[in-house]
Protein chains: 2
Amino acid sequence: MAHPAREADIRQTYEQIQELSRRITDRSRRLSEPLSFVEHSLLRFIAATPGTRAIDIAAAFSLNRSTVSRQVAALTGMGLVAELEHDAGAPGRGRILALTGEGEAKLAQAAAAQQESLRERLAGWSDDEVHAFATALARYNTPE
Amino acid sequence: MAHPAREADIRQTYEQIQELSRRITDRSRRLSEPLSFVEHSLLRFIAATPGTRAIDIAAAFSLNRSTVSRQVAALTGMGLVAELEHDAGAPGRGRILALTGEGEAKLAQAAAAQQESLRERLAGWSDDEVHAFATALARYNTPE
DNA sequence: CACGTTTTGTTGCATGATGCAACATAGGAG
DNA sequence: CTCCTATGTTGCATCATGCAACAAAACGTG
């Protein structure tokens with residue numbers, strides 16, 4: 001084979017990503033944290049995507065409209081998300097979603113908690129190693 | 001702050017791992033592949049852990065015994081997993097699980113499919129970059 | 001402006017993964 | 001042999017999800 005070492009590394013990458021995703025679902029089962037995995041993901045997306053509508057979330061997450069509808073309703077019920085009054089908004093279809101102040105606070109709180117445990121996990125890594133890992137992950141997530 | 005760059009890298013790592021896990025659940029929803037995510041995880045664990053019993057799986061995955069019982073029953077029903085006759089086995093409690101030939105074939109098939117898509121995703125990476133990524137992931141998954 | 005079409009959101013029903021608790025069973029300890 | 005503990009199974013509930021039918025809102029055409 002032309003690149004035996006590369007093939008082995010790809011296999012290891014595959015196994016480690018499998019393992020990583022297993023640990024992530026594991027963790028999200030055990031720790032309720034302030035937010036569930038899905039809730040956290042939705043809040044992150046809404047926060048990061050100004051002008052988002054429910055259907056945009058569905059597209060981004062490969063979820064059915066109905067699922068997003070219910071999840072968003074739950075978050076709205078918790079007071080974390082609200083529909084934007086589109087008085088000044090663009091005249092598009094659908095309802096624009098945004099985080100409430102409470103939603104932003106919860107998201108920040110959850111992010112801080114997870115970053116804290118990440119900080120511990122990376123305690124033995126040098127600055128350069130952390131930087132390289134972050135860069136490689138970003139590259140992996142955003143090909144092309 | 002003492003390490004502003006490191007903090008930024010940790011934040012990016014956090015975000016990228018979030019994004020990665022989102023994409024993984026996304027993918028596992030869309031692609032049925034030969035095996036579902038849970039099935040695949042269980043087969044991988046059973047294959048990698050000789051002498052495993054159902055309760056070991058529950059512990060490793062932070063799952064309830066009942067859940068594992070049902071999943072294993074399903075895999076057994078599909079002929080992918082079987083209880084080992086413990087004639088030669090150690091006289092411990094519980095039933096030892098192992099993959100059948102068919103189970104090993106399915107697992108290999110699923111692994112090959114996912115490694116193929118991984119190969120495409122890493123197409124633009126140099127051998128060294130792939131190696132560094134695999135190493136970093138392994139280190140991240142196995143701290144201490 | 002009115003009507004029909006398309007987009008977006010909601011709700012009813014079904015499925016699958018999961019947890020808890022009660023129960024069943026098997027292996028070891030005395 | 002009897003009891004205890006570890007392991008596994010089953011009944012019931014919950015939650016995330018999908019599909020399909022429906023509802024509502026925005027748009028376009030005449």
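In what follows, chains are A, B, ... by sequence order, proteins preceding strands, each numbered from 1. All figures in this text were calculated on a predicted structure; none of them were measured in a lab.
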What is the distance from CG of B:L75 to P of D:dT9, rounded to the nearest Å?
13 Å
For B:Q71, side-chain contact (heavy atoms from CB on, under 4.5 Å) partners two or more places apart
B:V38, B:L42, B:T67
Hits for side-chain contact (heavy atoms from CB on, under 4.5 Å) against A:S117, two or more places apart or cross-chain, chain-then-number order -> A:R27
For A:E39 and D:dT17, give me the distance from atom CD to atom P, rounded to whole Å.
11 Å
Non-neighbouring partners of A:D128 that pass side chain to side chain donor-acceptor pair (under 3.5 Å), sequence neighbours left out:
none
Could you tell me how far apart B:L42 (CG) and C:dG16 (C1') are, to the nearest whole angstrom?
14 Å
Residues in side chain to side chain donor-acceptor pair (under 3.5 Å) contact with B:R119, at least two apart in sequence or another chain
A:E7, B:E116
Contacts of B:E104 that satisfy side chain to side chain donor-acceptor pair (under 3.5 Å) - sequence neighbours left out:
none
For B:A136, check side-chain contact (heavy atoms from CB on, under 4.5 Å) against everything at least two apart and list the hits.
A:W125, A:F133
Which residues share a side chain to side chain donor-acceptor pair (under 3.5 Å) with A:H40, sequence neighbours left out
A:Q114, B:Y14
Could I get the full list of salt bridge (charged side-chain N to carboxylate O under 4.0 Å, His left out) partners for A:E102, not counting sequence neighbours?
none
Whole-Å distance separating the CZ atom of B:F61 from the P atom of C:dA17:
14 Å
Counting only N and O atoms by type, is there a donor-acceptor contact under 3.5 Å from the side chain of B:S126 to the main-chain atoms of B:E129?
yes
Output the residues of residues 45-58 of chain A in contact with DNA chain C, where contact means a heavy atom of the residue under 4.0 Å from an atom of the strand; sort by number or write none.
A:R53, A:A54, A:I55
Axis-to-axis angle across the helix from C:dC1-D:dG30 to C:dG30-D:dC1, five pairs each end, nearest 10 degrees, ~ 10°
Scan for salt bridge (charged side-chain N to carboxylate O under 4.0 Å, His left out) pairs involving residues 56-70 of chain B, sequence neighbours excluded, and state none if there are none.
B:R53-B:D56
Between A:S69 and C:dT10, is there a side-chain N or O to OP1/OP2 distance below 4.0 Å?
yes
Separation of atom CD in B:E83 from atom P in C:dT25, rounded to whole Å:
15 Å
Would you indicate whether the side-chain heavy atoms of B:L118 and B:L122 approach each other to under 4.5 Å?
yes
Can a side chain N or O of B:Q71 be found less than 4.0 Å away from OP1 or OP2 on C:dT18?
yes
Could you check how far CG of B:L63 sits from C1' of D:dC15, rounded to whole Å?
15 Å
Output one letter per nucleotide in nucleotides 19-24 of chain D: B when a protein non-hydrogen atom lies under 4.0 Å from the base, S when only the sugar-phosphate is that close, - when neither is.
BBB---
